[in-house]
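Residue numbering restarts at 1 for every chain, and letters A, B, ... go by the order of the sequence lines.
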Amino acid sequence: MLSADEAADLIEAIATRQDRAAFARLFQHFAPRVKAFIVRGGADPEAAQEVAQEALIMVWRKAASFDRTKASAATWVFTIARNKRIDHLRRNNRPAIDTDDWLTVFAPEDGDADKSVLAGQTYTRVKALLGGLSADQLVVIEKAFFEDKTHTAIAEELKLPLGTVKSRIRLALGRLREALERDES
Amino acid sequence: MSRHPAPDELLLDYAAGTLPGGPALAVALHVALDPSSQRTVDRLNAVGGALLEREPVPDFGEKDATALDQVLARLDEVPVESPPAAADRRHSTFGWAPAPLVPHLRPGMDWRRVMGKFDEIRLDLPGDFHRVSLLRLEAGRGLPEHKHAGYEYTVVLQGGYTDETGNYGVGDFAVGPGAQRHEPIADPGEPCIALIVVENPIVLTGPWGRWLNPLVSRGWI
């Protein structure tokens, strides 16, 4: 296992001294997870493996842009994997504008230093909070993130009225927001 | 804080990466202009990170080790890039364009007058079926009354407008199924510029509509 702090240290080691051993450890931890994430989205294992490798190469390339005060390593890797998944799905059409350009990983400069320490902790809290969501709420959130489904598609699949899915999403996000804001104030 | 934020479920689809190109661009622009929605998306990204972390995975096997060796071999040709300068990513001609829009504004793109009423720049998002346009409306001018066959997403980038549902300023987001007709009017001051993403062709409902709709559906206007 890799703690959030260790993972952040490893990314910084790549940024400061192109540390290949650090990369190897990140790869061992994240590549199988990213692959599983892509497979759940409906890709075949071969393609998922390729996307996971590309995502990890992106981790290497962009390591210097990682800022542990703004996001945890897992959050950052997730955003990279998500963008790679989008690129993969669109490749069947025409070459798209690189998603990195417009699907921002985080705000480039928010200058909000007070929140920075908390931003790194958000991930840990979110992880704990996910356990606090009801099964109904969690399934909608998981389907959105991992099965590559919009809230409209989720409603169809679960045979639920769209309004029900929307309200589950809002309740889930409301709970997350409330609890996180309590922490931050 | 914007008065009209994007709804949570759309921010979720955006963070999960499931929106088609057009709506994703609309949400990206809204998020770039709205710190509160930005924070929601940051949190949703953290949800994604937490879900990724708890994904059950098999032990790192021999095949995985081979894959790692292949990737390590490729790294010689992949430089670790310096972080992007926080410098101005503003567009030289269209200063109002938020950063996520800039890559879509290709050289030579310019406003085109439509029906003598407003200006448009049509954006081309590969592989997306939405019609994605920037519209510019002079103060006090209105768009022709219309309705939509599908969803319509609007983000205000400059100035503001008012319609039956309220007043919208910079960063505000509107999304609606198109059954209702609406007739937005630009607020006083500088021209209103907005990104409009439409799922299906617009249907004009004014007196000229029946003559103009065939042109709209062919994408000529």
Between A:F23, A:F30, A:F37, the one whose heavy-atom pairs under 4.5 Å with chain B are most numerous: A:F23
Select, from A:K35, A:R85, A:Q49, A:K149, the one with the greatest count of heavy-atom pairs under 4.5 Å involving chain B. A:K149
Determine, stepwise, if the pair B:N167 / B:H4 fulfils side-chain contact (heavy atoms from CB on, under 4.5 Å). CA-CA 9 Å; B:N167 175 257; B:H4 298 283; 5.6 Å; no
Please classify the contact of [X] with chain B as side chain, backbone, both or neither, using a heavy-atom distance under 4.5 Å.
{"X": "A:A31", "value": "neither"}
{"X": "A:L173", "value": "side chain"}
{"X": "A:E147", "value": "neither"}
{"X": "A:L171", "value": "neither"}

Begin with the C-alpha distance, continue with both residues' side-chain angles, and end with the deciding distance and a verdict on side-chain contact (heavy atoms from CB on, under 4.5 Å) for A:I169 and A:Q137. CA-CA 7 Å; A:I169 290 170; A:Q137 290 162 5; over 6 Å; no
Give the member of [options] that has the highest number of heavy-atom pairs under 4.5 Å with chain A.
{"options": "B:D64, B:L44, B:L29", "result": "B:L44"}
{"options": "B:L72, B:V27, B:L51, B:V57", "result": "B:L51"}
{"options": "B:P56, B:P7, B:S82, B:A67", "result": "B:A67"}
{"options": "B:V47, B:L11, B:L10, B:D69", "result": "B:V47"}

Region of B:D59 in contact with chain A, defined by heavy-atom distances below 4.5 Å: neither
Chain A contact via B:D13 - side chain, backbone, both or neither, heavy atoms under 4.5 Å: side chain
Is any side-chain heavy atom of A:L26 closer than 4.5 Å to a side-chain heavy atom of A:I11? yes
Is the count of non-hydrogen atoms from other residues, nucleotides or ligands lying under 6.0 Å from B:R74 atom CZ greater than 12? no
Looking at B:R112 and B:E120, is there a salt bridge between them, counting it only when a charged N and a carboxylate O are closer than 4.0 Å? yes
Of B:T154, B:L135, B:V156, B:L123, which is the lone residue that meets side chain to side chain contact (heavy atoms under 4.5 Å, CB included) with B:L195? B:L123
Could you check whether B:D34 and B:Q38, counting side-chain N and O atoms only, form a donor-acceptor pair closer than 3.5 Å? no
Which of these passes salt bridge (charged side-chain N to carboxylate O under 4.0 Å, His left out) with B:D8: A:R175, A:R170, A:R168, A:R177? A:R177
